[in-house]
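Below: one structure, written as structure tokens.
Residues: numbered from 1 along the sequence shown.
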Amino acid sequence: MSTRFFLCGAKTARLVVLLPLFFLFSKNAAAECEKFASVSSSYNAKKGIERGQTSLAVEYGVESERYEALFGFQSNDLIYDVCAEGTFWIFLQRLDRLSLKYGADAIYHFQNFDYKGVNISSENDFFSDFCFSIEGNKGASFTARTGGGAKLTHLCVLGERIWDTSFSFRLEAKKRFDFGLTLGAFVGTHTFYRYPLFCSPEYSLLASYDFDSGVRVSMSGGIRISDQFTTAPYISRETLKTSVLVFLR
């Protein structure tokens, strides 16, 4: 992939991520947004080349009818990640029992791998998707995102840079109950902090509970299947995550 193409994609990704932020933090829009902050802990079981490790993350997000933005930082003893994602819902359509939304999103992700004070490698990921969301009046929802992106891997110890492009998709279904419980399922080529190349989708299940005080407690478990659509599929990652989210008044 040419450098010109990558730089064009990077500028587009930054624009789509930052455009919602100008709206979300403007004076007139601030009252329309729902703001939240969360703390989470995730455990990756030792599996193949994946080592057993626990990571801690802090995130801040804002949502409105047309815009969404999420910022996060995750760290463990060897790796830290910084990620920002913005979604712009361009078209909204309300039917008798359904609400439909069409839009686009963009993601920028940076990861750094350091071992005993030596900078081993770093990654820059830029992804953008077309988005579709459908929500029923009884708490059921489905969101689909598909697109692609670019990955720049810098092997610091070798002084090499590797450029890759990849297809992406994410599918998520949720059911929210009146007493505060939400159940969900997810399948996608990447998660908020992990961006492997195509053919290694992740599958996960989610359960969360909203308290009247504005606190949400959630737990999710997932597996990643590498080479699923190519030669010999195998489970390369197993993750368990717990989080506490607080809606900010």
Practice task
Show your working on side chain to side chain contact (heavy atoms under 4.5 Å, CB included) between Leu100 and Phe132 and close with a plain yes or no.
Solution key: CA-CA 8 Å; Leu100 307 177; Phe132 169 74; 4.2 Å; yes
Do [X] and [Y] make a side-chain contact, defined as non-hydrogen atoms from C-beta onward lying under 4.5 Å apart?
{"X": "Ser40", "Y": "Gln74", "answer": "no"}
{"X": "Leu152", "Y": "Glu123", "answer": "no"}
{"X": "Arg66", "Y": "Leu92", "answer": "yes"}
{"X": "Phe88", "Y": "Glu68", "answer": "no"}
{"X": "Thr54", "Y": "Asn76", "answer": "no"}
{"X": "Leu240", "Y": "Met219", "answer": "yes"}
{"X": "Lys174", "Y": "Phe142", "answer": "no"}
{"X": "Ile120", "Y": "Val118", "answer": "yes"}

If you measure from [atom1] on [X] to [atom2] on [Y], what distance do you get to the nearest 0.5 Å?
{"X": "Arg97", "Y": "Leu95", "atom1": "CZ", "atom2": "CG", "value": "11.5 Å"}
{"X": "Thr239", "Y": "Asn44", "atom1": "OG1", "atom2": "CG", "value": "4.0 Å"}
{"X": "Ile225", "Y": "Ile235", "atom1": "CD1", "atom2": "CD1", "value": "6.0 Å"}
{"X": "Ser121", "Y": "Arg161", "atom1": "OG", "atom2": "CZ", "value": "12.5 Å"}
{"X": "Asn119", "Y": "Asp114", "atom1": "CG", "atom2": "CG", "value": "5.5 Å"}
{"X": "Gln53", "Y": "Ser55", "atom1": "CD", "atom2": "OG", "value": "4.5 Å"}

Problem - CG (Asn137) with more than 12 external heavy atoms under 6.0 Å - result: yes
Closest heavy-atom pair and its distance - [X], [Y]:
{"X": "His154", "Y": "Glu160", "answer": "CD2-O, 3.4 Å"}
{"X": "Val58", "Y": "Val39", "answer": "CG1-CG2, 4.2 Å"}
{"X": "Thr189", "Y": "Ser168", "answer": "OG1-CA, 3.2 Å"}
{"X": "Ile107", "Y": "Cys83", "answer": "CG2-SG, 3.7 Å"}
{"X": "Ser166", "Y": "Phe127", "answer": "O-CE2, 4.0 Å"}
{"X": "Tyr193", "Y": "Phe73", "answer": "OH-N, 3.3 Å"}

Following the transitive rule for hydrophobic clusters with a side-chain heavy-atom cut-off under 4.5 Å over Ile, Leu, Val, Met, Phe, Trp and Tyr, establish whether [X] and [Y] coincide in one cluster.
{"X": "Tyr43", "Y": "Val244", "result": "no"}
{"X": "Ile134", "Y": "Phe186", "result": "no"}
{"X": "Leu56", "Y": "Phe192", "result": "no"}
{"X": "Phe130", "Y": "Ile90", "result": "no"}

Exercise for the section: Salt-bridge test for Glu85 and Arg170: reply yes if a basic N is under 4.0 Å from a carboxylate O, no otherwise. Expected result: yes
Practice task
Answer yes or no: is there an ion pair linking Asp125 with Lys151, defined by an N-O contact shorter than 4.0 Å?
Solution key: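 Yes.
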Assess the side chains of [X] and [Y]: does a donor N or O sit below 3.5 Å from an acceptor N or O?
{"X": "Ser218", "Y": "Ser208", "answer": "no"}
{"X": "His109", "Y": "Asn124", "answer": "no"}
{"X": "Asn112", "Y": "Ser122", "answer": "no"}

Problem - Parallel, tilted or perpendicular: ring planes of Tyr102 versus Phe91, cut at 30 and 60 degrees - result: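 If you compare the ring of Tyr102 with that of Phe91, the planes turn out perpendicular.
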Exercise for the section: Mind telling me whether Phe177 and Phe179 have parallel, tilted or perpendicular rings, with 30° and 60° as the class edges? Expected result: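 If you compare the ring of Phe179 with that of Phe177, the planes turn out parallel.
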Do any side-chain atoms of residues 199-207 form donor-acceptor pairs under 3.5 angstrom with protein atoms, and if so which ones, sequence neighbours left out?
residue	atom	partner	partner atom	Å
Glu202	OE1	Arg224	NH2	3.1
Tyr203	OH	Gln228	OE1	2.9
Tyr203	OH	Gln228	NE2	2.8

Practice task
Could you walk me through whether Arg216 and Ser38 pass side-chain hydrogen bond (donor to acceptor under 3.5 Å, both in side chains), step by step?
Solution key: CA-CA 9 Å; Arg216 173 181 296 166; Ser38 69; over 6 Å; no
Exercise for the section: Please answer whether the main-chain N or O of Gly147 pairs with a side-chain N or O of Asp129 as donor and acceptor at a distance below 3.5 Å. Expected result: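 Yes, Asp129 side chain to Gly147 backbone: donor-acceptor pair under 3.5 Å.
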Problem - Test side chain to side chain contact (heavy atoms under 4.5 Å, CB included) applied to Tyr67 and Val62, step by step - result: CA-CA 8 Å; Tyr67 300 88; Val62 284; over 6 Å; no
Handout entry: Test log, rule side chain to side chain contact (heavy atoms under 4.5 Å, CB included), inputs Arg237 and Arg194
Key = CA-CA 11 Å; Arg237 177 179 167 88; Arg194 296 300 294 266; 2.4 Å; yes
Problem - Asp81/Ile79 under side chain to side chain contact (heavy atoms under 4.5 Å, CB included): CA gap, chis, key distance, verdict - result: CA-CA 7 Å; Asp81 301 84; Ile79 298 172; 3.6 Å; yes
Exercise for the section: May I ask you to check whether Tyr60 and Phe36 place their ring centers less than 6.0 Å from one another? Expected result: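 No, the ring centres sit 6.0 Å or more apart.
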Practice task
Kindly say whether the aromatic ring centers of Phe211 and Tyr209 come within a distance under 6.0 Å.
Solution key: yes
